[in-house]
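Have a look at the structure below before the remarks.
Atoms within each ligand, like the ligands themselves, are counted from 1 in listed order.
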Amino acid sequence: MKKLLVTGASGFLGWNVFKVQPPDWRLIGTWNKHEDGLWPRSENYQLDLRDKDAVWKCLKEINPDAVLHLAAFSDTNFCEENPEKAKELNVDATATLAGMCADRHVHLLFTSSEQVFDGTKEAYQESDAPNPKNEYGRQKLEAEQLVQAIYPEASVVRISVMYGLASAARPGFLQKWLDAWQHFFPVKAFYDEYRSFLGGASAARGLFHLLGQQASGIFHIGGDQGLSRYDLALLVKERFRLEHAPVEICSQKDVNMPAFRPPRLVLDNSLIAGTGFQPMPLDQELDALVQEFKLPPPFSDN
Ligand SMILES: NC(=O)c1ccc[n+]([C@@H]2O[C@H](COP(=O)([O-])OP(=O)(O)OC[C@H]3O[C@@H](n4cnc5c(N)ncnc54)[C@H](OP(=O)(O)O)[C@@H]3O)[C@@H](O)[C@H]2O)c1
């Protein structure tokens, strides 16, 4: 069985990667501060990726066939306000890991983001020129370029903003909406933030698809359709049968945020589709989540 080292296994996507783990991979996940973010009883390794000696020791001890690099400071506002701290992990540690993987001839898949784009195009293909508009996007782009220069055989996968289920340590925004509705609080949702929202499980399946092919180069994985955060909130209400859950429509301008958020970021999936992978359609993925979310009363009455 092939061995996969997953950095950032205690994060949102890491949890989903362990959830959809195919039988031909043995997974070992790293965590830094949140052991409680790990998938229950998963094989794990505590690692601060900023510590080069520790990273080398980890690679030597585990001797993986491939590394799936998810660990990052992924909060755009945090990166905007703490650029140096974020860069140590998002850029410097990523470059170090790429160098070590190249030295050891271990395949590397690095996860990047839609935020490398500026939001001026209808939908972005891999060949489109990046032009990040916030610090997180700039760091992800710098890391992409370093990974490709250091280890050209690596793959770089840009992912759209994800929804879904994860651990209590890293609830995604969907969980936060459901929690708010459970307490009869309204959810505020932007009508002017348009994204190809991607299910965490679909994202993880797409990553395993590319790992299985040892693909090199840049790939996009986005959801099957673009819609505003407000329209997504209405759809979630409908699929979860929460007709009375309150949603307040608002504009990005109504909320003071440190990081600029491009109004429209949609990733074109044609390239990965050509290799045989399609993310689950939004309606179906939401319906699958309805079955998985343990909704407490009063939801259970719906
Ligand atoms: N979430 C999204 O919607 C989204 C969208 C597009 C792209 N992405 C990309 O997808 C990847 C995964 O994102 P995510 O949402 O799963 O991130 P996340 O939930 O914020 O998790 C971040 C992970 O990084 C780990 N980490 C933080 N500091 C570390 C350090 N010094 N050393 C080692 N590990 C450290 C965390 O470990 P501890 O918690 O244990 O400290 C955690 O496992 C990232 O590359 C992100 O840029 C995410």
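Sequence neighbours left out, the pairs with a member in residues 28-68 that pass ring-ring contact (aromatic ring centres under 6.0 Å, His included) are W15-W39.
Put simply, CG on L235 and CG on D283 are 5.5 Å apart, with the number rounded to the nearest 0.5 Å.
Near ligand 1, G8, S10, G11, F12, L13, W31, N32, K33, H34, L47, D48, L49, R50, L70, A71, A72, S74, L89, T111, S112, S113, Y136, K140, I159, S160, V161, M162, R170 each place a heavy atom less than 4.0 angstrom from the ligand.
Remark: R264 fails to qualify as a cation-pi partner of Y124 under the 6.0 Å distance and 45° angle criteria applied to the six-membered ring.
When the side-chain contact (heavy atoms from CB on, under 4.5 Å) test is applied to T96, the partners found at least two apart in sequence or on another chain are K52, M100.
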Show me the donor-acceptor pairs, under 3.5 Å and distance only, between side chains in residues 86-95 and residues at least two apart or in other chains.
| residue | atom | partner | partner atom | Å |
| --- | --- | --- | --- | --- |
| K87 | NZ | D92 | OD1 | 3.2 |
| N90 | OD1 | F73 | N | 2.8 |
| N90 | ND2 | F73 | O | 3.0 |
| N90 | ND2 | Q139 | OE1 | 3.1 |
| T94 | OG1 | H69 | NE2 | 3.0 |
| T94 | OG1 | L89 | O | 3.4 |
| T94 | OG1 | N90 | O | 3.0 |

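Taking the six-membered ring for Trp and thresholds of 30 and 60 degrees, W177 and F173 have ring planes more than 60 degrees apart, a perpendicular arrangement.
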